[in-house]
Amino acid sequence: MMSVHDDFEKEVRGATEAALGKIGAAGAEYRIEIPSAGNADLAVPCFQMSKSMRKAPKAIAEELAAAIEPAGMIASIDALNGYLNFTMDPEILTRRTIDEILESGSCYGGHGKNGIRVNVEHTSTNPTGPIHVGRARNPIIGDTLARAMKLRGYDVTTEYYVNDVGKQVVILTWGVNNIPPEDVEKADREKADHALVAYYRAANRMMESDPEVQEKIADLLRRFEAGDSKVISEVRKTAQRMLDGLKETLESINVGLDVYTWESRFIADGTARSVVEQLTASDYAGKEDDGACYLDLKDFGIQGKNTKFTFTRADGTTLYTTRDLAYHLDKFKRADRVIDVLGEDQKLGSKQLCSALEILGCERKPEALFYSFVSLPEGKMSTRKGVVVYLDDLIDEAVTRAYEEIRSRRTDLSEERMREIASIIGVGAIRYNIVRVQPEKQMIFKWEDALNFDGNSGPFLQYAYTRTCSMLRKAGEFEPSADPSKLTDEYETALVKVLSRFGSVIEEAAEEGRVHMIPAYGHEVASTFNQFYASVPVLSSDRERNERLTLVMCTRIVLRNVLTCLGMGAPEEM
RNA sequence: GGACGGGUGGCCUAGCCUGGAUAUGGCGGCAGCCUCCUAAGCUGCAAGCCGAGGGUUCGAAUCCCUCCCCGUUCGCCA
């Protein structure tokens with residue numbers, strides 16, 4: 001279905017071309033843009049045609065404006081500063097926007113099912129410790145992208161790749177099975193991930209200082225790589241315990257993943273081995289003196305000291321990226337589009353993976369979405385060193401703050417209800433503050449920013465939402481009406497305009513992975529609604545009551561869709 | 001040293017891909033607004049050589065070049 005804006009642009013294009021013909025400049029190049037100034041809806045800058053027409057832009061704009069009569073959706077045309085400005089008929093915009101929102105409801109902003117299967121892999125943190133805020137962008141960006149794509153119409157599957165292979169999980173397993181509980185620091189909470197990470201840290205420390213421990217861990221790793229089923233299942237068991245803790249954290253911020261794929265599977269089912277065989281047979285393959293195999297990727301735009309990408313160790317065992325290749329080949333079978341949400345440290349690895357896929361004759365590539373790490377003012381976070389802020393602690397702090405806020409302003413709510421709302425607000429604040437900034441921008445974690453509840457924040461959107469709920473609750477029964485002749489106030493028009501843009505925001509977020517557009521848009525909706533709320537009486541209005549309530553209803557739908565996309569709760573009161 | 005990303009009022013941030021009118025929004029600061037639908041709100045004010053310098057263009061935060069600062073990376077780790 002064509003949106004109001006698409007239809008309007010089409011009419012503007014038609015009118016502009018006709019006008020150019022009339023003034024003897026048919027075929028002139030022009031652009032249509034959204035004005036950065038003024039109240040018009042679309043504009044045609046007349047600067048670029050100025051040279052060939054040998055006329056001042058201002059004069060061209062004026063001539064063009066004079067050559068166009070308002071018709072159809074075009075309500076008025078005017079020339080200003082060398083721009084030809086078009087204003088859309090507000091009545092048409094209002095009626096079509098409201099009708100579409102009421103008709104589409106929770107699907108508003110989307111496009112209907114498109115049948116394209118998308119696999120979004122996100123989070124995939126090593127199961128060696130709790131999720132810390134340095135990595136917290138991953139689940140939040142990934143989950144938001146998945147939700148936006150779902151709304152847009154994709155058939156989305158989210159997936160977590162569990163690294164149950166390699167030195168790190170072996171160290172953890174050794175620690176859990178060999179260090180007595182009294183030798184590790186007491187965990188600050190009982191969740192498995194928090195309880196287990198102490199063993200991981202202790203094992204790392206012991207390994208560094210005690211050659212005997214180092215040898216024991218090396219031995220365990222050798223048995224693991226040799227396929228010792230007892231060792232493999234021990235490691236898997238530890239990883240599973242850790243993962244259960246991670247899942248709990250993810251659930252608490254409304255992130256649920258559809259599929260968990262274990263890395264060890266690609267060793268067990270032989271697909272990693274088959275990748276090795278195919279790569280070895282390729283023209284780019286080489287072998288070190290000691291037997292390690294590599295691809296030389298100098299022809300694939302990989303630059304640096306070393307263009308080699310090693311895919312087996314000297315002993316022939318596979319490496320992480322080798323197994324990741326098998327994993328991607330598997331994902332390609334299951335989805336039409338494969339998206340990986342990755343930390344910026346994976347950039348080279350991802351590029352090597354794409355080159356290797358090409359060498360394997362695979363025509364498809366994963367689409368990578370990279371984000372920069374969140375660091376602390378004193379430097380980067382490290383699970384091993386214990387220099388971290390855990391996501392669980394951030395959530396607790398945010399919920400506690402939200403609880404205090406509610407208790408200070410509400411006396412009519414039950415304890416249970418206040419706790420429930422506090423959780424919705426606290427979690428919303430965290431998700432919003434993280435997804436707000438474009439992924440590639442580095443972030444420095446500060447408690448006061450992370451816990452911001454005012455202005456450009458999650459609770460700001462939720463608060464506007466509760467206002468819509470409260471008004472509709474108090475209004476009781478009413479007859480919905482999109483009669484545009486009764487919604488002519490500037491605040492009403494501004495609100496309708498903002499609501500009408502939701503589809504294009506979702507399009508950009510979903511198609512280009514620009515998820516930070518969603519919170520920015522949500523803030524605009526909430527802010528425009530708050531201005532309307534402060535200036536236009538609704539419940540006490542008479543002649544326009546139904547139309548205003550209908551507009552409030554539409555705002556509620558859009559805000560709820562935005563909140564859903566952001567994985568934030570929509571509280572009826574707060 | 002190479003590669004990739006970031007640098008926008010005191011602080012955080014949008015815009016950059018696709019050049020265009022007075023550079024977006026927030027925090028903090030200052031001054032106002034609750035006899036009206038929840039003040040987690042609204043209104044107003046102060047605050048900017050868009051990292052620096054060149055170039056292209058009628059026009060540059062946006063494109064190109066050089067340089068500076070920050071982050072990531074250049075493992076037979078994951």
Side-chain angles (χ1 to χ4, degrees), chain A residues 31 33 35-38 43 45-48 50-51 56-57 80-83 85 124 126 128 163 165-169 263 288 290-294 301-308 310-317 319-321 323-324 343-349 351 370-373 375 380 402 405-406 408-410 425 429 433 436-444 446 448-449 452-464 466-475 512 514 516-517 520 523-524 526-527 530-531 533-541 548-549 552 573-574:
Chain A
R31 260 173 27 82
E33 62 183 36
S36 57
C46 302
F47 304 92
Q48 66 186 129
S50 158
K51 207 168 194 175
L80 184 68
N81 302 333
Y83 286 85
N85 288 326
S124 302
N126 281 334
T128 49
N163 307 120
V165 176
K167 197 170 180 179
Q168 294 181 67
V169 276
E263 185 178 346
E288 304 287 3
D290 62 8
C293 297
Y294 62 87
I302 302 226
Q303 284 147 331
K305 289 178 190 164
N306 197 342
T307 55
K308 284 180 188 171
T310 305
F311 63 90
T312 75
R313 295 191 180 89
D315 64 7
T317 54
L319 293 158
Y320 175 82
T321 311
R323 300 184 291 266
D324 206 16
E344 59 179 338
D345 56 338
Q346 309 285 318
K347 275 187 183 176
L348 178 64
K351 208 168 171 185
F370 295 105
Y371 63 91
S372 295
F373 294 118
S375 58
K380 62 165 142 180
E405 285 286 328
I406 296 167
S408 74
R409 63 187 83 218
R410 297 293 292 263
I425 305 298
N433 278 317
R436 223 183 74 219
V437 324
Q438 52 171 317
E440 52 270 30
K441 204 137 183 160
Q442 64 211 45
M443 283 179 103
I444 294 171
K446 294 197 187 96
E448 58 162 327
D449 295 339
N452 177 34
F453 288 1
D454 303 314
N456 189 6
S457 74
F460 181 91
L461 309 208
Q462 291 169 320
Y463 185 65
T466 62
R467 280 180 154 177
T468 64
C469 292
S470 160
M471 288 167 100
L472 292 165
R473 202 163 45 232
K474 289 189 174 160
E512 291 170 59
R514 293 164 60 80
H516 64 289
M517 299 279 82
H523 179 259
E524 217 180 323
S527 175
N530 281 336
Q531 288 165 41
Y533 180 91
S535 327
V536 181
V538 176
L539 294 180
S540 61
S541 65
R548 287 181 178 168
L549 280 167
V552 171
E573 57 185 345
M574 64 189 263

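Computed over heavy atoms, backbone and side chain alike; hydrogens, waters and symmetry mates excluded.
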ask   = Is A:K380 close enough and on-axis enough to A:F373, meaning under 6.0 Å and within 45°, for cation-pi?
value = no
message = Need to verify one output field. Residue with the more 5' nearest nucleotide on RNA chain B, A:D315 or A:D449?
response = A:D449
key: From A:F453 atom CZ to A:E405 atom CD, the distance as rounded to the nearest 0.5 Å   = 6.5 Å
request  = Give a yes/no on whether any side-chain N or O of A:R467 is located under 4.0 angstrom from OP1 or OP2 of B:C42.
outcome  = no
note = Taking a pair to mean Watson-Crick or G-U wobble geometry with both distances below 3.5 Å, B:U57 pairs with none
ask   = The side chain of A:L539 lies closest to which of these nucleotides: B:C42, B:A21, B:C37?
value = B:C37
message = Show the nearest heavy-atom pair for residues A:F370 and A:G343, with the distance to one decimal.
response = CD2-O, 3.6 Å
task = Measure from the side chain of A:F460, starting at C-beta and using heavy atoms only, and say which of B:G41, B:G71, B:C37 lies closest.
result = B:G41
query = Taking the chi torsion of B:C34, is it syn (within 90° of 0) or anti (everything else)?
reply = syn
inquiry  = Check the phosphate of B:G75 against A:K308, side-chain N and O only, distance under 4.0 Å to OP1 or OP2. Yes or no?
reply    = no
message = Applying the Watson-Crick and G-U wobble criteria at under 3.5 Å, what pairs with B:G48? Answer none if nothing qualifies.
response = none
inquiry  = Taking any heavy-atom pair under 4.0 Å as a contact, classify A:Q462: base, sugar-phosphate, or nothing.
reply    = nothing
task = Return yes if the base of B:G6 and the side-chain atoms of A:Q438 contain a donor-acceptor N/O pair under 3.5 Å, otherwise no.
result = no
task = Could you grab the distance from atom CG of A:L539 to atom CG of A:L549, nearest 0.5 Å is fine?
result = 6.0 Å
request  = Using a 4.0 Å heavy-atom cut-off across all strands, classify A:G82 as base, sugar-phosphate, or nothing.
outcome  = nothing
request  = With the side chain of A:Q442 defined as its heavy atoms from C-beta on, choose the nearest nucleotide among B:G5, B:C58, B:C76.
outcome  = B:G5
message = Taking the C1' atom in each of B:C58 and B:G71, what is the distance between them to the nearest angstrom?
response = 39 Å
inquiry  = Classify A:D324 by what it touches in the nucleic acid, base, sugar-phosphate, or nothing, heavy-atom distance under 4.0 Å.
reply    = nothing
request  = Pick base, sugar-phosphate or nothing for A:Q346, based on heavy-atom distances below 4.0 Å to the nucleic acid.
outcome  = base
inquiry  = Using a 4.0 Å heavy-atom cut-off, does A:V169 contact any base of the nucleic acid, only the sugar-phosphate backbone, or nothing at all?
reply    = nothing
message = Taking A:D449's backbone N and O only, do any of them form a donor-acceptor pair with A:N433's side chain (distance below 3.5 Å, no angle check)?
response = yes
request  = Quick one: label A:Y533 by what it contacts on the DNA or RNA (base, sugar-phosphate, nothing), any heavy atom closer than 4.0 Å.
outcome  = base
note = Which of B:A78, B:U73, B:A21 is nearest the side chain of A:A43? It is B:A21
message = Applying a 4.0 Å non-hydrogen cut-off, can you work out what A:I444 is touching in the nucleic acid: base, sugar-phosphate, or nothing?
response = nothing
query = OP1 or OP2 of B:A21 less than 4.0 angstrom from a side-chain nitrogen or oxygen of A:S36, does that happen here?
reply = yes
request  = Please evaluate the base of B:C12 for a donor-acceptor partner in the side chain of A:N456 within a cut-off of under 3.5 Å?
outcome  = no
inquiry  = Working note: A:M517 + A:E512, criterion side-chain contact (heavy atoms from CB on, under 4.5 Å); need CA distance, chi angles, decisive distance, verdict.
reply    = CA-CA 10 Å; A:M517 299 279 82; A:E512 291 170 59; over 6 Å; no
request  = Could you check whether A:V437 gets within reach of a base, just the sugar-phosphate, or nothing at all, counting any heavy atom under 4.0 Å?
outcome  = sugar-phosphate
query = A:R313 side chain N/O closer than 4.0 Å to the phosphate oxygens (OP1, OP2) of B:C77?
reply = yes
ask   = Between B:U22, B:U18, B:C76, which nucleotide gets closest to the side-chain atoms of A:E512?
value = B:U18
Integer angstrom distance from the C1' of B:G41 to that of B:C36 = 14 Å
ask   = Which part of the nucleic acid, if any, lies within contact of A:A314, taking any heavy atom under 4.0 Å across all strands shown: a base, the sugar-phosphate backbone alone, or nothing?
value = base
inquiry  = Looking at B:G15, I'd like to know if its phosphate oxygens (OP1 or OP2) sit under 4.0 Å from a side-chain N or O belonging to A:H516.
reply    = yes
key: Atom-to-atom span, CG of A:N452 to P of B:C11 - whole angstrom   = 17 Å
inquiry  = From C-beta outward on A:E33, which listed nucleotide comes closest to its side chain: B:C37, B:A21, B:A78?
reply    = B:A21
task = Kindly give the heavy-atom pair with the smallest separation between A:E440 and A:Q438, and that separation in Å.
result = OE2-OE1, 2.9 Å
message = Please name the nucleotide paired to B:A31 by Watson-Crick or G-U wobble geometry with both distances under 3.5 Å, or report none.
response = B:U43
task = Could you measure between the two C1' atoms, the one in B:C34 and the one in B:A61, and give it in whole Å?
result = 41 Å
query = Is there a donor-acceptor pair under 3.5 Å between the side chain of A:S527 and the backbone N or O of A:E524?
reply = no
ask   = Which of these nucleotides, B:U73, B:C77, B:C42, is closest to any side-chain atom of A:L348?
value = B:U73
task = Both distances under 3.5 Å, Watson-Crick or G-U wobble: report the partner of B:A14, or none.
result = none
message = Base, sugar-phosphate or nothing for A:N433? Non-hydrogen atoms, less than 4.0 Å.
response = nothing
ask   = Heavy atoms under 4.0 Å, any strand shown: does A:K474 hit a base, just sugar-phosphate, or nothing?
value = sugar-phosphate
query = What interatomic distance, in whole Å, is found between P of B:U72 and the corresponding atom of B:G10?
reply = 26 Å
message = Students often get this wrong, so: under 4.0 angstrom with heavy atoms, is A:K380 touching a base, only sugar-phosphate, or nothing?
response = sugar-phosphate
task = Have a look at A:E440 and say if it touches a base, only the backbone sugar-phosphate, or nothing, with a 4.0 Å heavy-atom cut-off.
result = sugar-phosphate
query = Just to confirm, is there a sub-4.0 Å distance from OP1 or OP2 of B:G7 to any side-chain nitrogen or oxygen of A:K441?
reply = yes
Whole angstrom value for the distance that separates C1' of B:U13 from CE of A:M443 = 10 Å
note = Taking B:A14, B:C42, B:C76 as options, the one with an atom nearest any side-chain atom of A:A534 is B:C42
ask   = Expressed in whole Å, how much space separates the P atoms belonging to B:A46 and B:G59?
value = 31 Å
message = Heavy atoms only, 4.0 Å cut-off, all strands: where does A:T466 land among base, sugar-phosphate and nothing?
response = base
ask   = For the side chain of A:D454 and the base of B:A39, is some donor closer than 3.5 Å to an acceptor across the two?
value = no
note = Of B:C42, B:U18, B:G5, the nucleotide closest to the side chain of A:S527 is B:C42
remark   = Ranking A:R31 and A:M517 by the position along RNA chain B of their nearest nucleotide, the one closer to 5' is A:M517
query = Do NZ/NE/NH1/NH2 and the carboxylate oxygens of A:E33 and A:R31 come within less than 4.0 Å?
reply = yes
Donor-acceptor contact present, side-chain A:S535 to main-chain A:Q531, <3.5 Å = yes
query = Between B:C16 and A:R514, is there an OP1 or OP2 to side-chain N/O distance shorter than 4.0 Å?
reply = yes
